[in-house]
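Structure first, commentary second.
Every number for a ligand or one of its atoms is a count from 1 in the order of the listing.
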Amino acid sequence: MSEAENRPTNFIRQIIDADLASGKHTGVQTRFPPEPNGFLHIGHAKSICLNFGIAQDYQGLCNLRFDDTNPEKEDIDYVNSIQEDVKWLGFEWAGDIHYSSDYFDQLHGYAVELIEKGLAYVCFLNGEEMREYRGTLKQPGKNSPYRDTSVEENLVLFEKMRKGEFKEGECSLRAKIDMSSSFMCMRDPVIYRVKFAHHHQTGDKWCIYPMYDFTHCISDAIENITHSLCTLEFQDNRRLYDWVIDNISIESQPRQYEFSRLNLEYTVMSKRKLNALVEENLVNGWDDPRMPTIAGFRRRGYTPGSIREFAKRIGVTKMDNTVEMGVLEACIREDLNDNAPRAMAVLDPIKLVIENYDEAKVEELTVKNHPSDESQGSRIVPFSKELYIEAEDFREEANKKYKRLVLDKAVRLRGAYVVTATRCDKDADGNVTTVYCTYDDKTLGKNPEDGTKPKGVIHWVSAAQSIDAEVRLYDRLFNVENPAAAEDFHSVMNPESLTVIAKAKVEPYLANAQPEQAFQFERQGYFCLDNKDATSEHLVFNRTVGLRDTWAKIAGK
Ligand code: ATP
Ligand code: MG
């Protein structure tokens, strides 16, 4: 397929195609406008892939703009993490980073323009009164008693607001639109409020801050955004978006288009709830590998390509829906199946002693890093008399379905010899601690000469050369498909979302693993070296995803 044929198609791209064909626009300019009040989540990744993807495919530009009009909730740490995440996903923003706060002077100027046109007024109704006057969906609102204040007086009052002569909540600047509009957002919305807050970009320069609806459309216009893409909850607000643009003297005419937000099963996406998980230490920070944040997925072992592929598969529509976790997992599993080198790690070790193997001998076996991709090369794996195998890979007795090691039966050790179990030791509780076996020295890469072919293959590591590692197994954070619907999300959290294996045994080549480097631990799943807690003395691996989809099974239970 050519690159053009490989592009996604969706209703937004059709609108852009039509706008370019009709000459309404000659190029495409989009933006991604996060509020720096939390880390980005996988829902934002959908928006990033859409906005930056469109800019790429149409040779246009995409701005990164921090929508920073709520200084109390925002933080420079979030500003930094967001940039890092966008870059990690593989996108580049056009030119410098933009901030809505860069436009505070201009926004103030446009507010004055609206006052001068008789289209905005300073209102002294308090919050409760304002709600009362607004009416309901069924009932029209009532005009504020301050609605007919003269232009001159409003200019003076607004200037007093700017100078800090009113208290927070004492008054606000409202657009004068229509108190009986069927769109609530058009019933004289507040466009500026008093807030004595220090801002991470503008410091203490301002004690009045513009509201989102007023700020967003003007920021789009200042940046010559052609297609302003946002999620469906802003559909009604499009009236206000257009009203502001139509009533101020600005040339650019951006237009807003809405698409449905991403919801993912078994997780929450609201920043308020994600923030609560972090603040209450229910997870270990915003980048906890159980979090649906981009930083969390990254730390878990997801690749940028797998997340971009996910965004492509879910598509862009106006239909509300919830995507199964299995769709996201399939994307990373397919990526790692192709690209992650194999390794052997024993998570629940018991000893396997080969009784007829020379005590002093250590063989260096050459094992392929990937079963089908020769380009990934091979590595040396030490083999000796004492190995570790998984406890669950040995049974004293078993039926034919159990294709692992059984007393008096043979099994192949991956990349090595065929062994036959002879006896075992147990501890006081009856748990097997050591299995004894004999090996057939003619079975390296060959079937036994007697024509038998062992059915099972199990993984192992050489005891003396193996390295200890901590392995973290993650499960879904919530027990229900739609935790957002729960009255209290705490009540639906999965208490077993993290299992720590303190002392797994891994093969020596994993000592050189780099942070975020992925491996398939044979028969266990995909793992990566943790990007925070791992050191050369203390390896920590995160399970990214199992080898097979277990979600379908869980959901069907
Ligand atoms: P939250 O409700 O989690 O606080 P938000 O919409 O307030 O999210 P912003 O930082 O304002 O978060 O979002 C930046 C951009 O990302 C917006 O254009 C928004 O529409 C988009 N976005 C946010 N959440 C999702 C989602 N779940 N799916 C798709 N796009 C999203
Ligand atoms: Mg928002």
Is there any N or O on [X] that sits under 3.5 Å from an N or O of ligand 1?
X	result
S270	no
P34	no
R31	no
K271	yes
H41	yes

Could you tell me if [Y] and [X] have a donor-acceptor pair between their side chains, going purely by distance under 3.5 Å?
X	Y	result
D68	S101	yes
Y241	D220	yes
Y474	N542	yes
H227	D19	yes

Just jot down the ligand 1 atoms closer than 4.0 angstrom to any heavy atom of [X], in number order.
X	result
T231	19 (C), 20 (O), 29 (C), 30 (N), 31 (C)
F32	15 (C), 16 (O)
M269	3 (O)
E35	9 (P), 10 (O), 11 (O)
P33	14 (C), 18 (O)

Does the pair Y133 and R187 meet the rule for a side-chain contact (heavy atoms from CB on, under 4.5 Å), with working shown?
CA-CA 9 Å; Y133 274 73; R187 295 185 184 175; over 6 Å; no
Just by distance, do the side chain of K117 and the backbone of N247 share a donor-acceptor pair under 3.5 Å?
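Yes, because the side chain of K117 sits within donor-acceptor range (under 3.5 Å) of the backbone of N247.
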Indicate yes or no for a side-chain donor-acceptor contact from R543 to the backbone of G525 under 3.5 Å, with no hydrogens or angles considered.
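Side chain of R543 to backbone of G525: no pair is present.
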E233 bridged to R261 by N-O distance under 4.0 Å
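Between R261 and E233 there is a salt bridge, with a charged N closer than 4.0 Å to a carboxylate O.
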Heavy atoms only: which of S228, S47, P292 is nearest to atom 21 (C) of ligand 1?
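Considering heavy atoms of S228, S47, P292, the nearest to atom 21 (C) of ligand 1 sits in S47.
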Answer with side chain, backbone, both or neither: which part of F234 has a heavy atom less than 4.0 angstrom from an atom of ligand 1?
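For F234, there is no contact with ligand 1 at all, from either part.
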